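Some notes on the structure that comes next.
When a ligand or atom number is given, it counts from 1 through the structure's own listing order. It should be emphasised that the depicted structure is a prediction, and the values quoted were computed from it without experimental measurement.
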Amino acid sequence: MATDIQKTTNDLLDIENSEWRESLDYVLQTQGEERVRELLRLLQIRAQEQGVSVHFTANTPYINSIPRDKQPVYPGNREIERRIKSIIRWNAMAMVVRANREKSGIGGHISTYASVATLWEVGFNHFWRGRTDDFLGDMVYFQGHAAPGVYARAFIEGRLTKEDLERFRNELAPEGGLSSYPHPFLMPEFWEFPTVSMGLTALSAIYQARFNHYLVDRGLRKSSGRKVWAMLGDGEMDEPESLGAITLASREKLNNLIFVVNCNLQRLDGPVRGNGKIIQELEAAFRGAGWNVVKVIWGDDWDQLLEKDDTGFLVKRMDEVLDGEMQHFTLKKGDYVREHFFGKYPPLLKLVENYSDEQLGRLTRGGHDPDKVYAAYSNAISQTEMPTVILAHTIKGYGLGEAGEGKNITHSQKKLNEDELKEFRTRFNIPVSDNEIAEAPFYRPAEDSPEMQYLKERRAALGGSLPKRFPGKEPIACQTDGLIREYLDGSGDRELATTMAYVHMLAKLLRDPELGKLIVPIVPDEARTFGMEALFRQAGIYSHVGQLYEPVDKASLLHYNEKKTGAILEEGLSEAGSMASFIAAGTAHSNNGVQTIPFYTFYSMFGFQRVGDLIWQACDSRARGFLIGATSGRTTLAGEGLQHQDGHSHVLALTSTRIKAYDPAFAYEMAVIVHEGLTRMYCNQEDLIYYITVMNEAYLMPPMPKGKDVREGIVRGMYRFRPAGLKKFKAKAHLLGSGAILNEALKAQDLLEKNYKIAADVWSVTSYKELFTDAIECERWNLLNPGKKAKRPYVQQLLAKEQGVFVAASDYMKVLPAAVAQWFPGPLHCLGTDGFGRSDGRDELRDFFEVDYRYIAIAALKQLAASGEIEPGTVTRAIKELDINSGKLNPHND
Ligand SMILES: Cc1ncc(C[n+]2csc(CCOP(=O)(O)OP(=O)(O)O)c2C)c(N)n1
Ligand SMILES: [Mg+2]
């Protein structure tokens with residue numbers, strides 16, 4: 001009885017639901033979309049007035065955003081495209097299988113490309129434009145571990161040979177090989193964007209798209225309708241960087257940006273959201289952020305079912321099915337789909353009663369349906385006001401069958417046995433015979449085959465092949481001597497910090513008739529800290545819309561000046577975003593046909609430590625430019641304490657060989673280094689990045705000492721700044737200082753000479769990294785060329801005639817000077833700032849970290865005592881005289 005009542009109620013509800021739906025259909029047909037929206041809004045208001053709280057949802061139903069009747073007609077030949085795609089699938093799989101047979105454990109991925117093939121092939125055949133004489137080409141960031149698919153296509157296009165494919169992940173073969181992932185550093189004429197550090201692609205693509213607008217707004221190139229496509233994984237979207245900048249993209253109305261997220265619902269270990277729906281989660285995030293979201297969930301064959309279903313149960317079922325369940329529908333056969341997907345509601349079972357199990361098992365996902373993908377891409381490229389994200393539902397390991405389709409292990413599947421290869425071959429109809437199958441041979445159709453003709457015609461129509469990197473440009477910045485001359489004379493009686501000298505130089509560069517328009521100052525909400533606010537007015541802060549409000553400080557000379565042609569990229573509090581801008585500006589020489597010169601100025605603690613992986617990416621990208629670590633030095637930055645005081649960025653800068661790292665003490669040193677950087681990166685066209693730390697301690701900037709080797713020494717890392725003054729002395733010491741600590745070495749020199757009759761030379765070490773790199777290069781050469789005249793490291797040559805003891809002090813960790821100690825002619829004592837910073841004054845910090853002049857002096861005395869040149873008692877006496885507390889806190893541990 002109760003169930004009968006329930007049934008009647010349900011039936012009534014169903015009728016009511018149908019009536020509402022039909023009314024809506026009627027309004028839509030007779031009055032159009034706008035009227036539907038209006039009515040929905042009115043209903044929402046009415047409900048709210050009656051106290052019915054309407055839950056906020058940024059989600060739309062779990063169906064395709066573009067209904068079938070809004071899909072454009074597919075312009076290509078589906079059959080030939082499917083053949084081409086199948087061949088690429090085969091070769092991509094074969095190159096991984098073969099590589100792993102040759103060298104077990106060499107790795108590579110099959111299942112990701114298998115899931116993404118349609119998404120890419122629709123792009124290759126219809127959307128992605130190559131570079132031509134009058135168009136720079138679209139910028140496509142390929143999901144990194146699907147690289148075999150790009151190589152396989154390049155093979156079919158005739159850009160790579162069979163032998164090249166055989167050397168996938170065999171880069172050290174004599175002829176060179178194909179890199180595991182997209183690396184412009186390793187394949188500079190092929191890959192444009194490194195993409196395999198998950199998360200960085202989305203971030204980089206956003207800032208790249210914005211930078212493309214910036215170049216147009218600054219008048220550096222013409223608007224061309226060029227698009228930036230980021231092909232991403234759904235697991236990858238969990239990285240904070242992936243979603244971290246999406247509001248910037250909508251705020252800046254980046255209509256040139258398209259994300260395509262390959263939603264195969266799986267990542268490496270298992271489902272991305274087994275208990276939820278990743279597509280819905282991402283839809284809400286992107287819609288909330290103001291993006292155009294296009295969901296491509298179901299293939300064509302679902303449309304008929306959706307059209308036939310007037311109960312609403314199909315969409316209901318689609319909405320509620322969990323990603324974890326969807327994986328079962330991939331793995332199991334049609335009878336399982338009938339029972340568990342459609343079987344949940346009787347009307348759905350009825351809906352598919354005329355479908356065979358086989359048909360149900362074959363129902364496709366939207367990301368494998370070229371029509372649906374084409375519709376989504378067409379929608380994306382026609383956006384004028386906002387960026388687009390396409391959420392495409394796919395199957396991980398599509399076509400691998402038993403070898404991994406939809407399985408949790410599929411990400412790491414690299415080996416297919418003979419049966420699995422046969423199954424794959426048959427499914428995709430590849431003309432490889434049973435006799436050859438065990439070999440997994442590569443297959444390329446004959447040159448005059450319809451497939452090859454079609455493929456070539458399509459790429460020719462789209463402007464040629466991609467990815468393709470275009471390295472190099474004409475030399476610029478070859479005459480910059482004049483720019484730095486004034487800094488070589490010192491500051492007279494004016495005290496300056498190196499930061500001030502740097503900002504002065506940047507302002508001057510911005511005014512330069514040749515280079516000014518190419519300089520891109522980047523700063524993450526710290527310009528005032530570095531005294532850069534004068535640049536606001538001079539160069540302007542870039543804003544695509546200009547300044548729509550009157551700034552509160554309008555009357556001030558240094559007001560906050562946003563403008564469309566502004567040069568400064570004021571990134572707000574995003575060091576990661578700033579680095580992404582640095583990469584965009586630093587690679588413009590190859591990716592944008594214009595050699596912009598980025599100067600990214602940041603709090604040095606939040607550079608290598610915070611965004612080290614982006615710096616690594618910049619090096620791989622062959623970016624060029626200046627990274628300026630400001631407020632640097634563990635003891636030079638007073639007050640800020642543990643989180644802010646950087647004493648290790650120069651150690652982290654050792655990690656990439658593309659980085660030149662300098663810790664200059666004086667304005668002239670910095671000027672020489674900037675000049676050198678401009679010359680090498682822009683005149684000589686070398687792919688380097690100059691990291692320079694600047695400080696906020698003001699002191700007199702001396703003129704550059706005379707001597708022809710000074711300039712060379714600054715660049716190579718070390719030179720004698722002030723020789724000993726004493727003519728008659730007990731013993732000799734050499735004091736090495738860097739950055740602001742050089743002044744402590746000078747004070748120690750005076751002290752040693754005056755109070756202890758020890759002559760001391762003071763050396764400025766601008767770069768331990770340069771000294772170290774040069775030394776290990778020499779050692780390597782000597783090791784491999786035993787019969788030839790040995791090379792001598794620069795530091796060894798420089799100190800060859802020196803006697804006495806050596807003390808090195810810097811505001812960085814002791815390991816820096818220790819790295820070069822073995823090439824010194826005598827013992828070297830290293831002072832440095834190992835340990836966490838503290839908030840206190842500069843003097844207190846230098847005492848705490850034991851890097852002030854007193855410690856430099858006693859370290860020299862200690863060394864001299866140890867070598868028997870002075871009385872051991874002198875050290876004890878000096879410790880007392882200099883008021884050093886031997887029982888003080890240990891900065892290393894306390
Ligand atoms: C920062 C980072 N962490 C980890 C990895 C290793 N890794 C490469 S791909 C991958 C899973 C990617 O899943 P998804 O983004 O969903 O791509 P799919 O292969 O499923 O298309 C992982 C963990 C990486 N490359 N980068
Ligand atoms: Mg995935």
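Taking every heavy atom of Arg267 and a limit of under 4.0 angstrom, the matching atoms of ligand 1 come to 13 (O), 16 (O). The contact set between ligand 1 and Asn262, taken as ligand atoms under 4.0 Å from a residue heavy atom, comprises 21 (O). Contact atoms of ligand 1 toward Glu236: 14 (P), 15 (O) (distance under 4.0 Å to a heavy atom of the residue). Listed by number with element, the atoms of ligand 1 under 4.0 angstrom from any heavy atom of Lys396 are 18 (P), 19 (O), 20 (O). Contact atoms of ligand 1 toward Asn264: 18 (P), 20 (O), 21 (O) (distance under 4.0 Å to a heavy atom of the residue). If you number the atoms of ligand 1 from 1 as listed, the ones under 4.0 Å from a heavy atom of Gln266 come out as 16 (O), 20 (O).
Closer than 4.0 Å to atom 2 (C) of ligand 1 lies at least one heavy atom of the protein.
Looking from atom 25 (N) of ligand 1 to the surrounding protein, the closest heavy atom is Val196 O, 2.8 Å. The protein atom (non-hydrogen) at minimum distance from atom 5 (C) of ligand 1 is Met198 CG, 3.9 Å. Among all protein heavy atoms, the one lying closest to atom 9 (S) of ligand 1 is His145 CE1, 3.4 Å. Counting only heavy atoms of the protein, atom 17 (O) of ligand 1 lies nearest to Gln143 NE2, 3.2 Å.
Listed here is the closest heavy atom pair of Trp298 and Lys372: O-CE, 3.6 Å.
Here the Mg ion (ligand 2) is the vertex; the OD1 atom in Asn264 and the OD1 atom in Asp234 give an angle of 100° (to 10°).
Note: an N/O pair closer than 3.5 Å links Thr112 and ligand 1 by distance alone.
We find that Glu325 and Arg317 are joined by a salt bridge, their nearest charged nitrogen and carboxylate oxygen being less than 4.0 Å apart.
You'll find the ring centres of Phe211 and Tyr207 outside the 6.0 Å limit. Ring centroids of His644 and Tyr603 are separated by less than 6.0 Å, placing the two rings close together. The aromatic ring centroids of His126 and Tyr374 lie less than 6.0 Å from each other. Ring centers of Phe608 and His648: at least 6.0 Å apart, outside the cut-off.
Across Val261, Thr201, Leu268, heavy-atom proximity to atom 23 (C) of ligand 1 is greatest for Leu268. Around atom 16 (O) of ligand 1, the closest heavy atom drawn from Ser242, Gly235, Gly233 belongs to Gly235.
Contact analysis leaves His109 out of contact with ligand 1, as no non-hydrogen atom separation drops below 4.0 angstrom.
Heavy-atom contacts from other residues, nucleotides or ligands closer than 6.0 Å to CG of Leu573 number more than 12.
Inclusion of Gln266 in the first shell of the Mg ion (ligand 2) is supported: an N, O or S atom falls under 2.8 Å.
Rounded to the nearest 0.5 Å, atoms CD1 (Ile395) and CD (Gln327) are 10.5 Å apart. Annotation: the span from Ile87 atom CD1 to Arg82 atom CZ amounts to 10.5 Å, rounded to 0.5 Å.
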Could you walk me through whether Thr118 and Tyr398 pass the side chain to side chain donor-acceptor pair (under 3.5 Å) check? CA-CA 11 Å; Thr118 300; Tyr398 185 78; over 6 Å; no
task: I would like to know whether Glu571 and Ser581 meet side chain to side chain donor-acceptor pair (under 3.5 Å); could you show each step before the answer?
output: CA-CA 9 Å; Glu571 301 296 12; Ser581 277; 2.5 Å; yes
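Residue-level proximity to ligand 1 for His411 is carried by the side chain, the only part with a heavy atom below 4.0 angstrom.
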